[in-house]
Amino acid sequence: MLKITNTLTGKKEPFRPVRNRNVGMYVCGVTVYDLCHLGHARSAVVFDVIRRYLDYKKYKVRYVKNFTDVDDKIIKRANQEGKPWLDVAETYIRAYREDMSRLGVQPADREPKATEYIPEMIRLIETLVKKETAYAIDGDVYYRVKRFKNYGKLSKRDADELAAGARVEVDERKENPLDFALWKASKPGEPTWDSPWGPGRPGWHIECSAMALKLLGRGLDIHGGGKDLIFPHHENEIAQSEGATGKPFARTWIHNGFVNVNQEKMSKSLGNFFTIREVFEKSPWPEAVTAEVLRYFLVSTQYRSPIDFSDDALKSAKAGLDNFYDLFLRLRENTLSVGRADKQARIALQNFKKRFEKAMDDDFNTAIAIAEFQKLRSTMNRMTQEGISKSTAKQIESTFQKLGKVLGLFQLDPESWRVKGVKLYLELSDELKLSDKIGMSEKAHVAKIDLSDEQVQTLIMEREEARRNKDWSRADTVRKKLAHAGIIIEDRPDGTTRIKR
RNA sequence: GGCGGCGUACCCAAGUGGCUAAGGGAGCAGUCUGCAAAACUGCGAUUCGGCGGUUCAAUCCCGCCCGCCGCCUCCA
């Protein structure tokens, strides 16, 4: 039985969708005014994994993740760049899609844009106004927080105390400092739509209420996003939606923890953020490898906890994955016609599956799920030594692939993970050279040696010849030379040589 | 100030009122190997920030203290 920690109740509770096996899931997407950073990547990967696991459990998932494409920050950006605001939004929606596809994040079933749901928003606001849960002033419409008795139930805040401690400069026209904008009269040059209150544009929170209600309605089982959205965004969504419909909005609220750098939240204001593409660009590994490394890093911590990003963390993730892919290679190479360990291996696979599901059922504990993969890897390495047949080896590999898919891991061809065939040209850097940026000590000594494919081949042949002549010192010299270019040579028992980087 | 969270070995990271405190990375030693790498085997927290309390028994429950972080304003 799947259990999920629900922010609303503060408890881990059994997951029961409204309509049996159908799951409606809404996740707050990004405001498209800039490139996505690793924080966005984490949120995306977390909910991608949740979605994949629900699929795996044979739920019928309808996953909606929106784009906020009308907003103050987009307007500001457009003004800075002297571009139409729609262009800005389009640019970053495209960038988002590129980044996510690199990360192997599956698109949601619906990716609505706020601007496509203006009529729905207006209707929602009208309902609220009719119920006197909202009021209009000079073309603006505000939500009357006092009218919603449960205000604060998600973020566990007391409305009165909030009002007392309000740090925002108070708009004198508002009845209560906590009241928030549902609709804003637009200034010249700003995006604008006709409305019963005059030309204007939506406030920040209303779009998600409108889209979630429209696309998922009462089947809203899961509503998610980063922890920073709990207040005010999700709190306000609840107020708007429940204020209008009089019915509970979402059943289970899921919030993911932040990505930190040196224990501090990665954020624009601190300037300590890394964009997703920046990490890809600076990565010493091929793109597909980097993607899995990032995912491995991101899911190696339970989704609610903070996770600290660093070069070391990525290297550690890479090393962990290398060991898996080494096993996959071994599985393809070291098989027999009849395996002594076949039976044991098959039993281990069955047990593994149960443990994996147990881990994931417990609030998507991907950290434990990975630990289970690790144990299986170790077991299978031993089985391989004892001897397994080709068909069992295939079964093992496909189990890793099939269950790994839930986390988005082990999806690459083991041959291409780090053996021949990948791009040979590489810039060799121990560190990702992120150091200066995050103020860490300078320790990146970059040796840059580019070897062409041909040069590598020549060197390897040279070493083979040396080995045949038992000229060990010459063979080792070549090995060292290649090592400088990041190429590792492994001599295998059958006399062949494996090339890794 | 209010609310929430965290502090587990060199690093990352699970976890439980009592059974060996998972797993990974790094390290060390052994087997293997021309050497190396990989794999395998072994080693590595008598202890879970500190101090008290509850309990037959606490890392896990309670209280206090110390340290760190987040939200309370836009933020994944």
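The analysis underlying the following values was restricted to heavy atoms, covering all of them including side chains, and did not include hydrogens, waters or symmetry mates. Sequence lines set the chain letters: A, B, ... in the order given, protein chains first and strands last, and positions in each chain run from 1.
- In this structure, the CG atom of Asp322(A) is 14 Å from the C1' atom of rA26(B), given to the nearest Å.
- Side-chain N/O atoms of Arg467(A) include none lying less than 4.0 angstrom from OP1 or OP2 on rC35(B).
- Here Phe274(A) and His37(A) keep their ring centres 6.0 angstrom or further from each other.
- Within 4.0 Å (heavy atoms only), Ser378(A) reaches sugar-phosphate atoms of the nucleic acid but no base atom.
- Base pairing analysis places rC10(B) opposite rG25(B); the two distances defining the Watson-Crick or G-U wobble pair are each below 3.5 Å.
- Across all strands shown, rC68(B) forms a Watson-Crick or G-U wobble pair, both distances under 3.5 Å, with rG5(B).
- Looking at Glu235(A) and Ser155(A), their side chains do bring a donor and an acceptor atom within 3.5 Å of each other.
- Among the atoms of the strands shown, none is found under 4.0 Å from any heavy atom of Ala313(A).
- In this structure, NZ of Lys315(A) is placed 15 Å from C1' of rG27(B), rounded to the nearest angstrom.
- Between the P atoms of rG53(B) and rC60(B), the separation comes to 14 Å (whole Å).
- Summarising the base pairing, rG44(B) is matched to no nucleotide, lacking a Watson-Crick or G-U wobble pair whose two defining distances lie under 3.5 Å.
- At the heavy-atom level, His37(A) lies under 4.0 Å from base atoms of the strands shown.
- Across all strands, Arg330(A) comes closer than 4.0 Å only to sugar-phosphate atoms, never to a base (heavy-atom distances).
- Distances from the side chain of Ala367(A) to the nucleotides rA76(B), rA13(B), rA39(B) place rA13(B) closest.
- Taking the side chain of Lys375(A) as heavy atoms from C-beta on, and the options rG25(B), rC72(B), rA22(B), the nearest nucleotide is rA22(B).
- The nucleotide rC74(B) finds no pairing partner, because no Watson-Crick or G-U wobble arrangement with both distances shorter than 3.5 Å includes it.
- The C1' atoms of rU20(B) and rG42(B) are separated by 16 Å, rounded to the nearest whole Å.
- The listed nucleotides are rA14(B), rG25(B), rA39(B); the one nearest the side chain of Gln385(A) is rA39(B).
- In this structure, Lys65(A) is not positioned above the aromatic face of Phe47(A) in the sense of NZ or CZ being under 6.0 Å from the six-membered ring centre and within 45° of the axis.
- Rounded to whole Å, the C1' atom of rA9(B) lies 26 Å from the corresponding atom of rG52(B).
- Note on Gly226(A): only backbone sugar-phosphate atoms sit closer than 4.0 angstrom, heavy atoms only; bases stay farther off.
- Listed nucleotides rC72(B), rA76(B), rG24(B) differ in distance to Arg377(A); the shortest reach to its side chain belongs to rG24(B).
- For rA37(B) and rA29(B), the P atoms lie 11 Å apart once the distance is rounded to whole Å.
- No engagement by Asp71(A) is indicated, since no non-hydrogen atom pair under 4.0 Å with the nucleic acid exists.
- We find that OH of Tyr296(A) is positioned 5 Å from C1' of rG24(B), with the value rounded to whole Å.
- Using a 4.0 Å heavy-atom cutoff across all strands shown, Gln302(A) reaches sugar-phosphate atoms only and no base atom.
- For the residue pair Asn256(A) / Ser43(A), a side-chain donor-acceptor distance below 3.5 Å is found, with atom types taken as modelled.
- A cation-pi contact, defined as under 6.0 Å to the ring centre and within 45° of the axis, links Arg377(A) to Phe324(A).
- Nearest-nucleotide mapping onto RNA chain B: of Thr301(A) and Ser43(A), the residue sitting toward the 5' end is Thr301(A).
- More than 12 non-hydrogen atoms from other residues, nucleotides or ligands lie less than 6.0 angstrom from NZ of Lys149(A).
- Geometrically, Arg110(A) does not engage Tyr63(A) in a cation-pi contact, judged by NZ or CZ lying under 6.0 Å from the ring centre and within 45° of the ring axis.
- Using a 4.0 Å heavy-atom cutoff across all strands shown, Val259(A) reaches at least one base atom of the nucleic acid.
- Residue Gly257(A) is classed as a base contact, given a heavy-atom separation below 4.0 Å to a base.
- One can place CE of Met25(A) at 14 Å from C1' of rA76(B), the figure rounded to the nearest angstrom.
- The side chain of Arg382(A) has rC40(B) as its nearest neighbour among rA39(B), rC40(B), rC74(B).
- One can place CG of Leu35(A) at 13 Å from P of rA76(B), the figure rounded to the nearest angstrom.
- Base engagement by Phe258(A) is indicated by at least one non-hydrogen atom pair under 4.0 Å involving a base atom.
- Taking the six-membered ring for Trp and thresholds of 30 and 60 degrees, His233(A) and His205(A) have ring planes inclined between 30 and 60 degrees apart.
- The distance between atom CD of Gln374(A) and atom P of rG24(B), rounded to the nearest whole Å, is 6 Å.
- For the pair Tyr303(A) OH and rA76(B) P, the computed distance is 19 Å after rounding to whole Å.
- Residue Asn262(A) places none of its side-chain N or O atoms closer than 4.0 Å to OP1 or OP2 of rC69(B).
- Taking atom C1' on both nucleotides, rU47(B) is separated from rU8(B) by 9 Å, rounded to a whole Å.
- The gap from the P atom of rC6(B) to that of rC61(B) amounts to 10 Å, rounded to the nearest Å.
- A cation-pi arrangement, defined by a distance under 6.0 Å to the six-membered ring centre and an angle within 45 degrees of its axis, is absent between Arg42(A) and Phe258(A).
- For rC19(B), there is no paired nucleotide, since no Watson-Crick or G-U wobble pair has both relevant distances below 3.5 Å.
- In this structure, Glu264(A) and Lys268(A) both approach RNA chain B, and ranking their closest nucleotides by distance from the 5' end singles out Glu264(A).
- Here Asn381(A) lies in heavy-atom contact (under 4.0 Å) with sugar-phosphate atoms only.
- Nucleotide rC51(B): paired with rG63(B) (Watson-Crick or G-U wobble, both distances less than 3.5 Å).
- Among the protein residues, Arg42(A) comes within range of no part of the nucleic acid, since none of its heavy atoms lies under 4.0 Å from any strand.
- Classification of Asp413(A) and Arg332(A) as a salt-bridged pair holds, one side-chain N sitting under 4.0 Å from a carboxylate O.
- Taking every side-chain heavy atom of Asn260(A) into account, rC69(B) is the closest of rG24(B), rC69(B), rC40(B).
- Rounded to whole Å, the separation between the P atoms of rU16(B) and rU54(B) comes to 25 Å.
- Residue contacts for Lys265(A): at a heavy-atom cut-off of 4.0 Å it reaches a base atom on one of the strands shown.
- At the heavy-atom level, Ile230(A) lies nowhere under 4.0 Å from the strands shown.
- Taking atom C1' on both nucleotides, rU31(B) is separated from rC68(B) by 45 Å, rounded to a whole Å.
- rU31(B) is paired with rA39(B) under the Watson-Crick or G-U wobble criterion, all donor-acceptor distances under 3.5 Å.
- Distance, Asn256(A) CG to rG70(B) C1': 13 Å, rounded to whole Å.
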